[in-house]
Amino acid sequence: LDHLNKLNMLDLSNNEISEWVSNTSIQHNNSLTEVILSDNQIVTIKAEAFTNLELVEKLDLSKNKLTDIAAFVSFPVNSKLKELHLQSNLITLIPEIIFGKLPNLELFNVFSNKITSLPGQSGASINNSLKTLDLHDNLITTFPSAFLYELQTLETLDLHKNAITD
């Protein structure tokens, strides 16, 4: 893919990919802004998979078999990522540091997973760009007030179909 230097969007959805690792052909593409890997069998994402993907604005890994999203902490500091689609996976935990590592993130879809609680974070680790957070159809029982308080730019928060009691 190195020679496709005007490639803006790469769609690898509906395949049999089981692991997303570093792909030098993609990582040296300076025009790629959208990567779609939905409807695969991805269980693992290697941390180095995101090296040199600063220009990607939309990443769709929905409808896979992801349980752990700690690799997103390795996203480039100067990342332009605005949309992260992780819905319909098997994710149980959102790492506290993920919001601080994705400073331009505006839309975060993690609905239809197995998330039981949200980070109890406060302060600098929350990004100031998040506008839409969709957490519906999970197993969340409580919503930490510090987490909610820090989401100053949030316009849409969807928590329906959870088990929230307080």
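Values in this document were obtained by computation on a predicted structure and should not be read as measured data.
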Can you measure from CG (Leu159) to CG (Asp137) and round to the nearest 0.5 angstrom?
-> 12.0 Å
Here the gap from Asp134 atom CG to Leu107 atom CG, rounded to the nearest 0.5 Å, amounts to 8.0 Å
Supply the atom-to-atom distance Glu106 CD to Lys82 NZ, rounded to the nearest 0.5 angstrom.
-> 5.5 Å
Give, for atom CD1 of Ile98 and atom CZ of Phe108, the distance between the pair rounded to the nearest 0.5 Å.
-> 4.5 Å
Does NZ in Lys58 sit with more than 12 non-hydrogen atoms of other residues, nucleotides or ligands closer than 6.0 Å?
-> yes
Do you know which of Ile36, Asp60, Leu37 makes side-chain contact (heavy atoms from CB on, under 4.5 Å) with His85?
-> Asp60
Closest heavy-atom contact between Ser129 and Pro103?
-> OG-O, 2.9 Å
Atom CG of Asp68 and atom CD1 of Ile91: how far apart are they, to the nearest 0.5 Å?
-> 9.0 Å
Within a strict 4.5 Å, meaning less than it, do heavy atoms of the Leu102 and Phe75 side chains meet?
-> yes
Would you sort out whether Asp158 and His160 count as a side chain to side chain donor-acceptor pair (under 3.5 Å), showing the intermediate values?
-> CA-CA 6 Å; Asp158 191 343; His160 83 273; 2.6 Å; yes
Within a strict 4.5 Å, meaning less than it, do heavy atoms of the Pro95 and Ile69 side chains meet?
-> yes
Say whether, by atom type as modelled, one donor and one acceptor occur between the side chain of Asn40 and the main chain of Leu12 under 3.5 angstrom.
-> yes
Using the side-chain contact (heavy atoms from CB on, under 4.5 Å) rule, pick out the option among Ile94, Leu139, Thr92 that qualifies with Ile115.
-> Ile94
Could you tell me whether a side-chain N or O of Ser31 sits under 3.5 Å from a main-chain N or O of Asn5, the two making a donor and an acceptor?
-> yes
Counting distance only, does the side-chain N/O of Asn104 pair as donor-acceptor with the main-chain N or O of Ser79 below 3.5 Å?
-> yes
Donor-acceptor contact below 3.5 Å, side chain Asn89 vs main chain Asn64 | yes
Can you find a heavy atom in the side chain of Leu59 that is under 4.5 Å from one in the side chain of Leu81?
-> yes
If you measure from the Lys or Arg side-chain nitrogens to the Asp or Glu carboxylate oxygens, is any gap between Lys46 and Glu19 under 4.0 Å?
-> yes
Can you check whether Trp20 reaches Thr44 side chain to side chain, under 4.5 Å on heavy atoms?
-> no
Taking Asn15 for its side chain and Ile17 for its backbone only, find out whether a donor-acceptor pair lies under 3.5 Å.
-> no
Return the minimal non-hydrogen interatomic distance between Lys101 and Phe72, and the atom names on each side.
-> CB-O, 4.4 Å
